[in-house]
*Asks:* 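Mind having a look at this structure? Questions to follow.
Position 1 is the first residue of the sequence, and the numbers go up from there.
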Amino acid sequence: MFEYFDKINFEKGYPSEDLIPIENVVYKNGKVIDASLHIFSHNPLHLSKSLKLKEPDALIDSMDFTISSRSIRGTMQYDNRYEETVCYDYDSAGNLISYQKNGEPIKSFLFSRGQSIPMATVINARYAPEATERINEVYFNDFEAVTDGEYVWPESTVAKSGTHICSSRWLMIPLSNFKQGRYILSYWWRTNSSQQWNRYRSIINVTESTQNLMVPFPAQTVMVDDLSIVPQNATIQSSVILPGLGKISETDIRGRTTYYEYNGFGLPIRVLNNEREVIKTFSYDNYNPNITIPAL
């Protein structure tokens, strides 16, 4: 095993893209019969990618095998017979926002600010909200954002998901870091005269000059919820979780939502389907519904 960690060099303050390799090489009779390489980024320390030999059973002369190394500037060097098996991306808060195994679709996770549990999962699209180049492929807004302890959007007891909705006539979405291509714009809207949520879907084209997208809502709209932009071949599912309580809604890839209700002690009491029909109930012995947990 080869580990590269130089305390003196790290105290000099390398840039955040500096990489640390940890390599395992198996030798037999002077030949390399297997090897794996894990590359970590630091500040904070995260696994960036994992690599394996393309042909692990091939016998490679040990003198012909390049042991991984890192220059003083952080440049990585390793044997060209390696191939990536898993690649990881993180946001500035340290949350894992995407990973991809070799030959499988990329999987992305979206987090609300200050939360450690994903609010949405996207399959077959890369989520890179902090990227400065055009590599991001996901936008999602469930209008449950909190700033300085206060919800940004108004509360509604009939929200498509969660407890808050968008009440604006339009929304401006930044797309300056979106990868060029064709995407599905989707959102749910509702009027005062109907109890039904309607789904809007359309195709949008993102080019190298696209900076923003203005999304106007239908004239009679009074509520909008769960707005997303993802590639045509991607799927998204989301949930709203209240800290200290639990999941209050969950929306699948078809847009069907399941709702969860709790009593004053934070125990689940009902599960409702997409039409808000009760599909499951919970009861508890010696429970007094008039008693609630005192505020901390």
Side-chain angles (χ1 to χ4, degrees), residues 110 112 115 117-123 125 138-147 150-175 182-206 212-243 245-264 268-282 289:
L110 286 67
S112 297
Q115 298 295 318
I117 301 176
M119 65 174 177
T121 301
V122 182
I123 305 297
V138 179
Y139 175 87
F140 177 70
N141 195 338
D142 61 1
F143 305 102
E144 302 291 332
V146 176
T147 300
E150 300 290 336
Y151 281 99
V152 176
W153 298 95
E155 186 175 5
S156 172
T157 58
V158 293
K160 171 61 177 164
S161 70
T163 56
H164 294 79
I165 50 90
C166 171
S167 57
S168 299
R169 307 295 303 186
W170 55 272
L171 203 65
M172 185 70 73
I173 301 173
L175 299 179
R182 290 164 66 86
Y183 294 82
I184 296 293
L185 164 66
S186 172
Y187 61 81
W188 292 87
W189 63 280
R190 176 173 167 164
T191 67
N192 271 332
S193 60
S194 172
Q195 295 182 356
Q196 180 179 352
W197 280 96
N198 307 284
R199 192 174 196 178
Y200 173 89
R201 287 167 62 91
S202 67
I203 296 176
I204 63 171
N205 290 302
V206 175
N212 298 287
L213 175 69
M214 193 184 87
V215 181
F217 302 128
Q220 67 272 33
T221 301
V222 294
M223 300 181 192
V224 171
D225 211 350
D226 287 0
L227 189 152
S228 66
I229 299 176
V230 297
Q232 291 178 285
N233 59 348
T235 60
I236 182 170
Q237 59 185 46
S238 63
S239 61
V240 177
I241 298 175
L242 295 185
L245 184 63
K247 185 184 301 181
I248 61 172
S249 70
E250 184 175 41
T251 305
D252 63 22
I253 61 175
R254 298 176 299 168
R256 299 186 63 81
T257 303
T258 302
Y259 304 92
Y260 304 86
E261 296 181 350
Y262 301 82
N263 63 22
I269 54 173
R270 298 201 303 175
V271 180
L272 296 82
N273 63 14
N274 187 70
E275 288 70 37
R276 292 188 182 271
E277 300 167 336
V278 177
I279 57 175
K280 184 181 292 187
T281 60
F282 303 87

*Asks:* Which heavy-atom pair separates S156 from I165 by the least distance, and what is that distance?
*Replies:*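 Here S156 and I165 meet closest at CB-CG1, 3.7 Å.
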*Asks:* Do L110 and P118 come within less than 4.5 Å of each other through their side chains, counting heavy atoms only?
*Replies:*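 With C-beta onward as the side chain, the pair stays apart.
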*Asks:* If we check side-chain contact (heavy atoms from CB on, under 4.5 Å) with I229, which of these qualifies: V206, I236, L175, N141?
*Replies:*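 Output: one option passes, namely L175.
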*Asks:* A quick test of your reading: do over 12 heavy atoms of other residues, nucleotides or ligands sit less than 6.0 Å from CD of E275?
*Replies:*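 More than 12 heavy atoms, drawn from other residues, nucleotides or ligands, come within 6.0 Å of this atom.
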*Asks:* Within a 6.0 Å radius of atom CD1 on I253, are there more than 12 heavy atoms belonging to other residues, nucleotides or ligands?
*Replies:*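 At most 12 heavy atoms, drawn from other residues, nucleotides or ligands, come within 6.0 Å of this atom.
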*Asks:* Evaluate the side-chain proximity of I173 to L227: yes if any heavy-atom separation is below 4.5 Å, no if none is.
*Replies:*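 They are in contact (side-chain heavy atoms under 4.5 Å apart), so the answer is yes.
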*Asks:* Rounded to the nearest 0.5 Å, what separates atom OG in S167 from atom CD in E155?
*Replies:*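 It comes to 12.5 Å.
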*Asks:* What about Y187 and F217, are their ring centers closer than 6.0 Å?
*Replies:*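 Ring centroids of Y187 and F217 are less than 6.0 Å from each other.
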*Asks:* Work out which heavy atom in R169 is nearest to a heavy atom in P218; give both atom names and the distance.
*Replies:*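 That closest heavy-atom pairing would be NH2-O, 4.0 Å.
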*Asks:* So which heavy atom on D225 is nearest to which on H164, and how close?
*Replies:*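 Here D225 and H164 meet closest at OD2-O, 3.5 Å.
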*Asks:* Atom CE in M223, atom CH2 in W189: separation rounded to 0.5 Å?
*Replies:*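 M223 atom CE to W189 atom CH2 measures 13.0 Å (nearest 0.5 Å).
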*Asks:* What I want to find out is whether E261 reaches K280 closely enough, with some N-O distance under 4.0 Å, to be called a salt bridge.
*Replies:*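 K280 and E261: not salt-bridged.
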*Asks:* Can you find a pair of side-chain heavy atoms, one from P154 and one from F143, that are under 4.5 Å apart?
*Replies:*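 Of all side-chain heavy-atom pairs linking F143 with P154, none is under 4.5 Å.
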*Asks:* In Å and rounded to the nearest 0.5 Å, what is the CD to OG1 distance from Q237 to T257?
*Replies:*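 Atom-to-atom, Q237:CD and T257:OG1 are 11.5 Å apart.
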*Asks:* Quick one, F140 and V230 - any side-chain contact, counting heavy atoms below 4.5 Å?
*Replies:*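 No - every pair of side-chain heavy atoms lies 4.5 Å or more apart.
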*Asks:* Atom CD1 of I241 and atom OG of S112: how far apart are they, to the nearest 0.5 Å?
*Replies:*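 These two atoms lie 9.5 Å from each other.
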*Asks:* If you take all heavy atoms of R190 and W197, which pair is closest and at what distance?
*Replies:*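 The pair with the smallest heavy-atom distance is NH1-NE1, 3.6 Å.
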*Asks:* Any chance you could measure I184, atom CD1, to T235, atom OG1, to the nearest 0.5 Å?
*Replies:*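 Interatomic distance, I184 CD1 to T235 OG1, rounded to 0.5 Å: 12.5 Å.
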*Asks:* Looking only at the side chains, is there a donor atom on one of N274 and K160 sitting less than 3.5 Å from an acceptor on the other?
*Replies:*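 K160 and N274 do have a side-chain donor-acceptor pair below 3.5 Å.
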*Asks:* Where do S249 and Y260 come nearest, in terms of heavy atoms and distance?
*Replies:*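 Smallest interatomic distance, heavy atoms only, reads N-CD1, 4.0 Å.
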*Asks:* Quick one, Y259 and R270 - any side-chain contact, counting heavy atoms below 4.5 Å?
*Replies:*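 Y259 vs R270: side chains apart.
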*Asks:* Given side chains that start at C-beta, do those of Y139 and L185 come closer than 4.5 Å, heavy atoms only?
*Replies:*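 SC-SC contact between Y139 and L185 ruled out.
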*Asks:* Could you tell me whether R276 atom CZ has more than 12 heavy atoms of other residues or ligands within 6.0 Å of it?
*Replies:*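 Yes.
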*Asks:* Find out whether M119 and V240 are in side-chain contact, i.e. whether some heavy atom of one side chain is under 4.5 Å from a heavy atom of the other.
*Replies:*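 A side-chain contact under 4.5 Å is absent here.
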*Asks:* For I204 and Y183: C-alpha separation, side-chain torsions, deciding distance, then whether side-chain contact (heavy atoms from CB on, under 4.5 Å) applies.
*Replies:* CA-CA 5 Å; I204 63 171; Y183 294 82; 3.8 Å; yes
*Asks:* Can you tell me if D226 and S161 form a side-chain donor-acceptor pair at under 3.5 Å?
*Replies:*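 Indeed, the side chains of D226 and S161 share at least one donor-acceptor pair under 3.5 Å.
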*Asks:* Provide the closest heavy-atom pair for Y151 versus E144 in the form atom of the first, atom of the second, distance.
*Replies:*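 The pair with the smallest heavy-atom distance is CE2-O, 3.5 Å.
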*Asks:* Is the shortest side-chain heavy-atom distance between V271 and V278 below 4.5 Å?
*Replies:*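 They are not in side-chain contact.
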*Asks:* Rounded at 0.5 Å granularity, tell me how far CZ in R256 sits from CD in E250.
*Replies:*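 One finds 13.5 Å between CZ of R256 and CD of E250.
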